[in-house]
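The structure appears below as structure tokens.
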Amino acid sequence: MTADAATGSTSPFEATRIVSTPTPQARDPRDWTSEMLSVARARDRECFMRIYDYFMPRLCLYLRGLGAAEMIAEELAQEALLRLWQRADMYDPSRSRLSTWLFRIARNLHIDRVRREPNWIQVLDEPERMDMDDESGVATSAESYAEHVDLKSRIDKLPAIQARLIRMSYFEAKSHQEIADELGMPLGTVKSSLRRAFLKLQGDVRGTP
Amino acid sequence: MTPCHHLDPSTVMAYAAGTLSLELGVVVATHLSVCAHCRRQVRDAERIGGLLVEQQQAATIDAPRRESLRAAMLERLDDAVPALPPVPQNDAESADPDRLPKPLHPYFGPSLSALKWRWMAPGMYCIRARRSGGGSLFMLKIAAGKSMPLHSHGRSELTQILQGAYSDALGHFAPGDVADLDSDVLHQPVTVPGVPCICVAALDAPLRFPGWLARKLQPLVGL
């Protein structure tokens with residue numbers, strides 16, 4: 001299969017009408033927003049630990065993918081979830097889905113750790129500071145995020161190579177060049193496939209057509 | 001400053017996912033500090049990342065380990081909340097033309113006029129970051145109206161214009177614009193007349209210059 005055929009822009013995805021019923025892949029359709037709001041309002045430890053139990057092993061997998069050793073991944077995931085508890089009053093569901101917020105915090109903790117050498121500084125994009133997000137011109141209603149976006153099945157509907165590249169891009173500590181070398185594809189093809197995939201998924205996560 | 005040339009979505013995704021090289025990440029952060037369009041792209045890429053984390057399988061952690069981590073977390077819920085750092089960057093500061101964008105301060109200091117340029121070739125000056133990871137991070141100052149050697153790049157290059165401007169086959173690049181290039185692009189930037197062009201750039205791997213003159217230049221340039 002040539003790289004060009006693999007990355008063709010036609011996708012069954014556009015023709016499929018997505019309905020909001022959770023699919024079998026959506027392992028837990030729970031609305032984490034309401035759990036998080038209970039944590040913020042009532043400092044509800046049980047709610048928090050439900051969030052913890054769900055996200056802790058998933059953050060670990062993401063962090064291991066970025067190249068963190070197992071113990072480090074656990075330590076960073078614990079730290080990210082502790083921040084969530086400590087900053088719960090900053091959580092604004094109209095600005096960000098809970099998983100987005102957690103993802104940013106975990107990622108930045110990871111980068112900060114990598115940069116803990118002299119002259120590397122903390123990432124400036126303060127992930128806990130929701131008030132600094134500028135979201136002008138983007139739909140930010142609470143409803144648009146409350147919708148269950150089954151991204152996993154949407155990724156599965158992308159051309160196979162795009163789906164693979166998306167997963168590699170988010171879950172493997174590899175540069176685009178390393179991905180290109182590993183798959184035997186030109187760097188330009190890797191980038192253009194990722195570009196197409198991103199533009200398709202972006203429509204979904206923005207809650208706009 | 002409203003940039004016209006933006007980051008490639010593939011770069012945005014790698015940055016959001018935390019997989020971009022540290023040097024390229026500094027240039028991305030510099031661009032984001034002036035570009036609302038790309039900041040929104042990063043937010044979208046973070047949403048994709050968050051949903052992927054939410055919808056993926058859980059890592060296997062054996063039961064006793066899971067229990068001890070859980071107990072440790074419960075114990076830490078009473079920890080003091082660490083203070084947030086003050087809101088960075090006020091408008092007066094960012095309006096100061098001598099002030100470099102904040103993401104560059106750890107590597108080049110805060111002041112444009114205090115930079116200690118090193119001669120590289122006629123009309124070309126360079127400062128390498130004090131220290132970085134595997135790639136290279138540097139600032140370039142190129143005299144007005146100068147033509148750079150034709151070159152392509154071994155891997156990825158990101159260049160953000162801070163002052164002055166240049167043109168090449170891809171267009172006109174002015175302050176705030178970022179050029180997001182890979183090895184497929186062979187280009188020959190020409191700086192515009194008037195002011196020198198100052199930019200910050202990061203490379204994943206060395207530049208490749210075609211031709212004997214450029215090959216002679218390469219060790220001199222040292223990029």
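When reading the values below, keep in mind they use all heavy atoms of this one structure, side chains included, and skip hydrogens, waters and symmetry mates. Convention: sequence-line order gives letters A, B, ...; per-chain numbering from 1. Source: prediction; values computed, not measured.
Each of B/Glu54, B/Gln55, B/Glu46, B/Arg47 was compared with A/Ser99 under the side chain to side chain donor-acceptor pair (under 3.5 Å) criterion, and only B/Glu54 meets it. Between B/Asp8 and the options A/His176, A/Arg195, A/Lys191, a side chain to side chain donor-acceptor pair (under 3.5 Å) holds for only A/Arg195.
The shortest side-chain heavy-atom distance between A/Trp85 and B/Asp79 does not fall under the 4.5 Å cut-off. Using a 4.5 Å heavy-atom cutoff, the side chains of A/Phe103 and B/Leu52 are not in contact.
For chain B, the nearby part of A/Arg64 is the side chain; its heavy atoms alone come within less than 4.5 Å. Heavy atoms of A/Phe55 lying under 4.5 Å from chain B belong exclusively to its side chain. The parts of B/Ala45 that come within reach of chain A are both its backbone and its side chain, each placing non-hydrogen atoms under 4.5 angstrom from that chain. Of the atoms belonging to A/Leu98, not a single heavy atom falls under 4.5 Å from chain B. Residue contact with chain A, scored on non-hydrogen atoms closer than 4.5 Å, is absent for B/Leu24. Neither the backbone nor the side chain of A/Leu102 has a heavy atom closer than 4.5 Å to any heavy atom of chain B.
Within the 3.5 Å criterion, the main-chain N or O of B/Val53 finds no donor-acceptor partner in the side chain of A/Tyr170. A donor-acceptor pair under 3.5 Å links the side-chain atoms of B/Gln56 to the main chain of A/Arg58, judged by distance alone. Looking only at distances, no side-chain donor or acceptor of A/Gln202 sits under 3.5 Å from a matching main-chain atom of B/Asp44.
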(request) Decide salt bridge (Lys or Arg N to Asp or Glu O under 4.0 Å) for B/Arg66 and A/Asp53; before the verdict, give the C-alpha distance in whole Å, the side-chain angles of both, and the deciding distance to 0.1 Å. (result) CA-CA 9 Å; B/Arg66 204 166 55 230; A/Asp53 288 335; over 6 Å; no
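Residue B/Arg70 qualifies as enclosed at atom CZ: its count of foreign heavy atoms under 6.0 Å is above 12. Within 6.0 Å of CZ on B/Arg118 lie no more than 12 heavy atoms contributed by other residues, nucleotides or ligands. More than 12 heavy atoms of other residues, nucleotides or ligands shown are found within 6.0 angstrom of CZ on A/Arg167.
Between A/Leu82 and B/Met73, the closest heavy-atom pair is N-CE, 4.0 Å. Residues A/Ser169 and B/Ala17 come closest through the heavy atom pair O-CB, 3.6 Å. Here the shortest heavy-atom pairing between A/Leu194 and B/Met13 reads O-CE, 3.2 Å. Residues B/Pro82 and A/Arg87 share a closest heavy-atom pair of O-NH2, 2.6 Å. Scanning all heavy atoms of the two residues, the minimum distance from A/Glu74 to B/Ile61 falls at OE2-CG2, 4.0 Å. Counting all heavy atoms, side chain and backbone alike, A/Phe198 lies closest to B/Pro9 at CD2-CB, 3.5 Å.
From B/Leu77, atom CG reaches atom CE of A/Met49 across 6.5 Å, with rounding to the nearest 0.5 Å. Remark: B/Thr19 OG1 to A/Ile179 CD1 distance equals 7.0 Å, nearest 0.5 Å. Expressed to the nearest 0.5 Å, how far CD of A/Gln78 lies from CG of B/Leu69 amounts to 4.5 Å. For the atom pair B/Thr60 OG1 and A/Leu61 CG, the distance stands at 8.0 Å (nearest 0.5 Å).
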